[in-house]
Participant: 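Here it is, the structure in full.
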Amino acid sequence: MFSMRTMLVSAAAVLLASVAVNALPIPEVHPHHVHPGSVFVAKPAHFDPALPGHSGPSGHRNHPVIALSHPDHEGWVPVAVVSHNHPEHMQGAVHDAHHYHEHTAAAGHGSFSEGSKIAVGNPTHVHVSNLNMVSPDSNLPHRLHNTDTQNLRAEVHHASGFHANHPPHPPPSPHTPPWHHGNQ
């Protein structure tokens, strides 16, 4: 039988390990990280153009967004917004998210929670500096399967006429100092 001291030390070690894992920084997003179908989180306050109804407290909480293309030359990424509670002005321009994660979820790469909707009729832009990686402990996919990405991009084009196909950004050279990686 374990002594009280052994149990306390074991509990402290588990707690410390948990804190250490949760304290790991989520990497910064750079232009070469963004591909069509990449899933990030961003604050609606950083959407451009701003979507009506996304001001106030909900405008400062992260929402999942899906990149529709690579960033443009200034770092702006066209995205489709994922939410449980899209403002009323977006009704008719939203679809159930499960339509766009079928292959992703089947491959075991995460999914959107039940009730999530994607604003296919109102793509917006978020600057790459305002995108955040998806937390590793969330069930969100980090990137949609190619088939799901193609379906989403086709539906956004059908619903809004929006189409963007910016070229990919090359990763930084291994000889580039780390403080220059964001300036490419």
Side-chain angles (χ1 to χ4, degrees), residues 24-49 51 62-83 86 93-113 116-184:
L24 291 175
I26 295 177
E28 185 179 336
V29 177
H30 294 285
H32 66 275
H33 294 138
V34 181
H35 304 277
S38 295
V39 180
F40 298 101
V41 291
K43 293 176 176 33
H46 296 140
F47 294 172
D48 185 34
L51 299 178
N62 280 329
H63 289 276
V65 295
I66 304 166
L68 298 171
S69 179
H70 299 279
D72 67 13
H73 66 282
E74 293 178 359
W76 290 96
V77 180
V79 298
V81 180
V82 182
S83 180
H86 285 290
V94 297
H95 290 177
D96 289 332
H98 73 271
H99 292 299
Y100 306 105
H101 74 203
E102 179 181 351
H103 297 89
T104 305
H109 297 293
S111 60
F112 298 107
S113 61
S116 291
K117 307 268 187 196
I118 298 178
V120 296
N122 287 324
T124 189
H125 291 78
V126 178
H127 194 270
V128 72
S129 64
N130 293 318
L131 292 173
N132 298 293
M133 295 284 189
V134 170
S135 172
D137 60 349
S138 76
N139 187 42
L140 288 173
H142 295 266
R143 189 168 181 183
L144 297 183
H145 184 277
N146 286 341
T147 302
D148 293 333
T149 300
Q150 290 171 3
N151 292 341
L152 176 61
R153 291 177 72 185
E155 191 55 42
V156 166
H157 180 70
H158 176 75
S160 68
F162 179 83
H163 179 73
N165 197 20
H166 305 297
H169 286 253
S173 162
H175 304 292
T176 304
W179 55 87
H180 286 262
H181 286 192
N183 296 332
Q184 292 193 1

Participant: State, yes or no, whether a side-chain contact exists between Phe40 and Val79 at a heavy-atom distance under 4.5 Å.
Facilitator: no
Participant: Shortest non-hydrogen contact from Ala80 to Leu152?
Facilitator: CB-CD2, 4.4 Å
Participant: Roughly how far, to the nearest 0.5 Å, is the NE2 atom of His145 from the CD atom of Gln150?
Facilitator: 9.0 Å
Participant: Mind listing the closest non-hydrogen atom pair of Pro36 and Leu68 along with its distance?
Facilitator: CB-O, 3.9 Å
Participant: How close do Thr104 and Pro141 get, heavy atom to heavy atom, and via which atoms?
Facilitator: CG2-CB, 3.6 Å
Participant: When Tyr100 is tested against each of Val120, Ile66, Thr149 for side-chain contact (heavy atoms from CB on, under 4.5 Å), which residue passes?
Facilitator: Val120
Participant: Measuring only between side-chain heavy atoms, which start at C-beta, is Pro71 closer than 4.5 Å to Pro31?
Facilitator: yes
Participant: Ser135 and Ser138: side-chain donor and acceptor closer than 3.5 Å?
Facilitator: no
Participant: Would you say Ser69's side chain and Pro78's backbone share a donor-acceptor pair under 3.5 angstrom?
Facilitator: no
Participant: Taking NE2 in His158 as the centre, count heavy atoms belonging to other residues, nucleotides or ligands within less than 6.0 Å. Is the count above 12?
Facilitator: no
Participant: side-chain contact (heavy atoms from CB on, under 4.5 Å), that's the test. Do Val77 and His125 meet it? Break it down for me.
Facilitator: CA-CA 5 Å; Val77 180; His125 291 78; over 6 Å; no
Participant: When you measure from the side chain of Ser116 to the backbone of Ser83, do you find a donor-acceptor pair of N or O atoms at a distance under 3.5 Å?
Facilitator: no
Participant: Any chance you could lay out the side-chain contact (heavy atoms from CB on, under 4.5 Å) test for His35 and His70, step after step, and finish with the verdict?
Facilitator: CA-CA 5 Å; His35 304 277; His70 299 279; 3.2 Å; yes
Participant: Decide yes or no for His30 and Val128: does some side-chain heavy atom of the first lie under 4.5 Å from some side-chain heavy atom of the second?
Facilitator: no
Participant: What residues form a side-chain hydrogen bond (donor to acceptor under 3.5 Å, both in side chains) with Ser38, not counting sequence neighbours?
Facilitator: none
Participant: Just how far is it from atom CD of Glu155 to atom CZ of Arg153, taken to the nearest 0.5 Å?
Facilitator: 14.0 Å
Participant: Can you name the one residue among Asn62, Val65, Val126 that meets side-chain contact (heavy atoms from CB on, under 4.5 Å) with Asn132?
Facilitator: Asn62
Participant: Per the side-chain hydrogen bond (donor to acceptor under 3.5 Å, both in side chains) rule, which among Asp148, Thr147, Asn146 passes with His103?
Facilitator: Asp148
Participant: Please work out whether the ring planes of Phe112 and His101 are parallel, tilted or perpendicular, with thresholds of 30° and 60°.
Facilitator: parallel
Participant: Indicate the atoms forming the closest heavy-atom contact of Val34 with Ala67, along with that distance.
Facilitator: CG1-CB, 3.8 Å
Participant: When you check the side-chain N and O atoms of Asn122 and Ser160, is any donor under 3.5 Å from an acceptor?
Facilitator: no
Participant: Below 4.5 Å, heavy atoms only, C-beta onward: do Lys117 and Asp96 meet side chain to side chain?
Facilitator: yes
Participant: Nearest 0.5 angstrom please: His109 NE2 to Asn139 CG, how far?
Facilitator: 12.5 Å
Participant: In sequence, state the C-alpha distance, the side-chain angles, and the governing distance for His99 and Glu102, and then conclude on side-chain contact (heavy atoms from CB on, under 4.5 Å).
Facilitator: CA-CA 6 Å; His99 292 299; Glu102 179 181 351; over 6 Å; no
